[in-house]
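This report concerns only the one structure given below.
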Amino acid sequence: MTANPYNPYGPPNPYAPGPPQPVTPPPNKWVGPLLVISTITVGLMAGLFFTFDVSIMPGLAKTNDRVYVEAMQNFNALIDGSGLFALVFIGALLATGAAAFIEYKRGRRGAALWAGVAAALYLIALLVTFSVNIPLNTQLADLGNPAKIHDFSLVDKFKGVWETTNIMRTLLCTVALGCLAHAIKLHGRGTAAPFPSH
């Protein structure tokens with residue numbers, strides 16, 4: 001409250017207007033759905049990478065090199081030919097980046113920051129995929145029919161590098177998922193209707 005101009009030594013004037021409150025721009029109607037899509041798609045990618053970490057790769061390690069190559073060739077061929085996987089794989093980055101951009105442009109910097117961090121982390125996971133995992137998959141595919149392979153020296157390199165970078169992708173996507181959860185929380189606070197005053 002401000003001082004009473006008629007009695008500067010008295011109590012503050014209860015009817016004087018208070019300081020102006022900052023105006024928070026209304027949320028964009030697309031941000032909520034985009035954040036939900038981002039969370040689902042990044043979560044699916046984190047789950048896929050995690051499944052390879054804890055079950056597929058340890059299981060294949062118990063087989064011989066010929067079975068290992070055949071299984072990985074089949075996995076990679078199926079994933080590469082899946083339109084649904086491509087939609088989730090790229091859509092996660094597009095949806096997350098779009099949500100961060102819209103929130104930032106509207107001045108909702110808290111949610112924008114966390115969504116932006118999530119997009120950056122997921123982008124790093126994509127860069128790891130395109131620079132390490134996919135080239136290794138291509139080398140494995142170039143070996144041809146596993147039944148006719150005589151030199152399996154590539155397999156040891158593949159196992160060590162591919163599995164390590166896949167753990168990196170799992171961690172990056174999991175942290176990105178946590179960031180998106182916090183972005184949704186901040187977005188929800190901004191869209192919550194205030195309690196009616198009496």
To the nearest 0.5 angstrom, please state how far the [atom1] atom of [X] sits from the [atom2] atom of [Y].
X: L154; Y: L143; atom1: CG; atom2: CG; result: 5.0 Å
X: L60; Y: Y68; atom1: CG; atom2: OH; result: 6.0 Å
X: I56; Y: F50; atom1: CD1; atom2: CZ; result: 12.0 Å
X: S131; Y: I124; atom1: OG; atom2: CD1; result: 11.0 Å
X: L126; Y: N133; atom1: CG; atom2: CG; result: 11.0 Å
X: L35; Y: I184; atom1: CG; atom2: CD1; result: 5.5 Å

Do [X] and [Y] have side chains that get closer than 4.5 Å, going by heavy atoms?
X: F49; Y: L172; answer: no
X: V161; Y: T164; answer: no
X: N166; Y: M57; answer: no
X: E103; Y: L186; answer: no
X: Y122; Y: L180; answer: no
X: K159; Y: D65; answer: yes

In one Ile/Leu/Val/Met/Phe/Trp/Tyr side-chain cluster, 4.5 Å: [X], [Y]:
X: F89; Y: V36; result: yes
X: I79; Y: I90; result: yes
X: L140; Y: F152; result: yes
X: V128; Y: L136; result: no
X: L87; Y: I37; result: no

Shortest non-hydrogen contact from [X] toward [Y]:
X: A95; Y: S38; answer: C-OG, 3.1 Å
X: V132; Y: P135; answer: O-CD, 3.3 Å
X: A112; Y: A100; answer: CB-O, 3.6 Å
X: V42; Y: C173; answer: CG1-O, 3.5 Å
X: C179; Y: L121; answer: SG-CD1, 4.3 Å

Without swapping roles, check the side chain of [X] against the backbone of [Y] for a donor-acceptor pair under 3.5 Å.
X: T96; Y: A119; result: no
X: R66; Y: P146; result: yes
X: E163; Y: F52; result: no
X: T138; Y: I134; result: yes

### Query
More than 12 heavy atoms of other residues, nucleotides or ligands under 6.0 Å from CZ of F85: is that the case?
yes
### Query
Pick one: which of L177, L171, T170 meets side chain to side chain contact (heavy atoms under 4.5 Å, CB included) with T174?
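Only one option passes, and that is T170.
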### Task
Determine, step by step, whether K185 and W114 satisfy the side chain to side chain contact (heavy atoms under 4.5 Å, CB included) criterion, reporting the C-alpha distance in whole Å, the side-chain angles of both residues, the deciding distance to 0.1 Å, and the verdict.
CA-CA 10 Å; K185 178 181 177 182; W114 287 95; over 6 Å; no
